There are 2 protein chains.
Amino acid sequence: MSGPRSSSVGIPGTRARTRNAILNAAAKVLARDRKATLADIAKEAEVGRSTLHRYFADREELVNEVVEDSLHLIGQAVEDAALDRGEPMEALRRAVSAMVAVGDRLLFLFHDPTHFDKLEDTEPDATDLALRALIERGQADGVFDPQVAPDWIESVVWALVYSGCEAAGSGALPRHGVTEAVMRTLENGVCAR
Amino acid sequence: MSGPRSSSVGIPGTRARTRNAILNAAAKVLARDRKATLADIAKEAEVGRSTLHRYFADREELVNEVVEDSLHLIGQAVEDAALDRGEPMEALRRAVSAMVAVGDRLLFLFHDPTHFDKLEDTEPDATDLALRALIERGQADGVFDPQVAPDWIESVVWALVYSGCEAAGSGALPRHGVTEAVMRTLENGVCAR
DNA sequence: CCGCTATGGGACATTGATGTCCCAGAGTGG
DNA sequence: CCACTCTGGGACATCAATGTCCCATAGCGG
């Protein structure tokens, strides 16, 4: 009855805040352990399991919403990076920096390839398109290696950013040095200059 | 049941072969979906669920054995690469090639960070030591970038190899081109030469 | 002060995976 | 041909997670 359903329009701030807390907690917990219980997530979010169920009927629904939210956050961050402006290499740096900034969600998404599969159903999202365009622009400008597939370069970028975020999470890299490490590797590989 | 099944059932080697089939199937299935059922694994291995239970009492036991087996395979492959011999860059190429060769197991291990955690309990394994030694040797020789932590370089190598294996799995890269793509990226990053 | 909403927590029913047993069939070696 | 081993599959018992209800209560706004 009167299920407080519809999206975040007109909802008292409380509901949006609780909802957000649950989404964040879910992303964090599920990134660490994909088999985490709903109870675990509720605990992390500091809400009752009942409350969690009030906001998300299914586990599936919850996960889907976290995925969607994460994609949205990442997309927003990358969009703000305005990859179509400026030198390709500088734009790439902004992209990496933006990705690192939402590292938690990145870790969450990458930790479950299943989500990645669902993503293929939807239209190619703006994030990938922007990144792809940047890569091709850089290749055309002779800045990025034109002899390898844009696909591969994109994979490399995501992989290194992911790696950097994980390294930061485990303390292997200082949080502020992630972008720099990733960029240096993207520019030079692992070779001395 | 049994169409073209095992031709020699009483032979000692048979048990090992069945066991191996289960381990391989488990690695493959679990790499794709961590929540896969024991029934799924049994099906992939083309054995009955009962048989699987005869070889591995627990799900936990099975997973542990797959981890151990995978580490062993990877370790063997890398050891055969004799990373302490020859030019660092050539040795690195051999390392990458060896890792790619056991890509399925790599995908399995990386898909569940939990396994990675257990690994920290044990002594630092030979694989990491060999790889680390190679990296430091290369840095000393001025071949690898001495200004970044060996830790980071190691992460990058694993990340790119993983990425390459995944790309191969999804058809984005031809299986035989993985080592080349990874090495090119390690040598030049994503920049034009 | 009153009512409304959101919440937390407990009490179920349900479901799906898991682990155990047992039995009959097939292939092998003696 | 007989005994033995390994196997697949079915029949449970168990268990943990999940999803549903319901009720008492705290907080917020009118």
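These numbers come from a predicted model, not from an experiment. Just so it is clear: chains get the letters A, B, ... in the order the sequence lines come, proteins before strands, and each one is counted from 1.
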Please list, pair by pair, any protein nitrogen or oxygen found under 3.5 Å from a nitrogen or oxygen in nucleotides 10-14 of chain C.
from: C:dG10; atom 1: O6; to: A:Ser50; atom 2: OG; distance (Å): 3.4

field: Pairing of A:Glu65 and A:Arg19 as salt bridge, 4.0 angstrom limit
entry: yes
task: Supply the atom-to-atom distance A:Thr179 OG1 to A:Met99 CE, rounded to the nearest 0.5 angstrom.
output: 10.5 Å
task: Check the distance between C:dG19's C1' and B:Arg54's CZ and give it to me in whole angstrom.
output: 13 Å
Pairing of A:Arg93 and A:Glu187 as salt bridge, 4.0 angstrom limit: yes
task: With a 4.0 Å heavy-atom cut-off, tell me which residues in residues 34-47 of chain A come close to DNA chain C, sorted by residue number.
output: A:Glu46, A:Val47
- request: Taking only Lys NZ, Arg NE, NH1 and NH2, and the carboxylate oxygens of Asp or Glu, determine whether A:Glu44 and A:Arg32 approach each other closer than 4.0 Å.
  value: no
message: Measuring only between side-chain heavy atoms, which start at C-beta, is B:Phe56 closer than 4.5 Å to B:Asn64?
response: no
query: Could you state the CG-P distance from A:Leu52 to C:dG9, rounded to the nearest angstrom?
result: 13 Å
- request: May I ask you to verify if any side-chain N or O of B:Thr51 is less than 4.0 angstrom from the OP1 or OP2 atom of D:dC6?
  value: no
query: Whole Å only: how far is the CG atom of B:Asp58 from the P atom of C:dA17?
result: 17 Å
statement: Rounded to the nearest 0.5 angstrom, the CD1-CG distance for A:Ile74 and A:Leu109 is 5.0 Å
message: Surrounding CD of B:Gln76 (heavy atoms of other residues, nucleotides or ligands, distance under 6.0 Å), is the total greater than 12?
response: yes
- line: Here the distance between atom P of D:dG9 and atom NE2 of B:His53, to the nearest Å, is 14 Å
task: Could you tell me whether B:Glu61 atom CD has more than 12 heavy atoms of other residues or ligands within 6.0 Å of it?
output: yes
Integer-rounded Å distance: C:dG19 P and B:Phe56 CZ: 13 Å
field: Rounded distance (Å) that lies between atom P of C:dA17 and atom CZ of B:Arg59
entry: 10 Å
Rounded distance in Å - CD1 (A:Ile22) to P (C:dG8): 8 Å
query: Can you list every pair that meets salt bridge (Lys or Arg N to Asp or Glu O under 4.0 Å) and has a residue in residues 106-115 of chain A, with sequence neighbours left out?
result: A:Arg34-A:Asp112
- request: List the protein contact pattern of nucleotides 24-29 of chain D with one symbol per nucleotide (5' to 3'): B for base contact, S for sugar-phosphate-only contact, - for none; contact means a heavy-atom distance under 4.0 Å.
  value: ------
message: Distance check needed: C:dT5 P versus A:Tyr55 OH, whole Å only.
response: 13 Å
- prompt: What side-chain hydrogen bond (donor to acceptor under 3.5 Å, both in side chains) pairs are there with at least one residue in residues 165-178 of chain B, not counting sequence neighbours?
  reply: B:Tyr162-B:Glu166
message: Suppose the criterion is salt bridge (Lys or Arg N to Asp or Glu O under 4.0 Å): which pairs have a residue in residues 130-156 of chain A, not counting sequence neighbours?
response: A:Arg132-A:Asp151, A:Arg132-A:Glu154, A:Asp145-B:Arg184
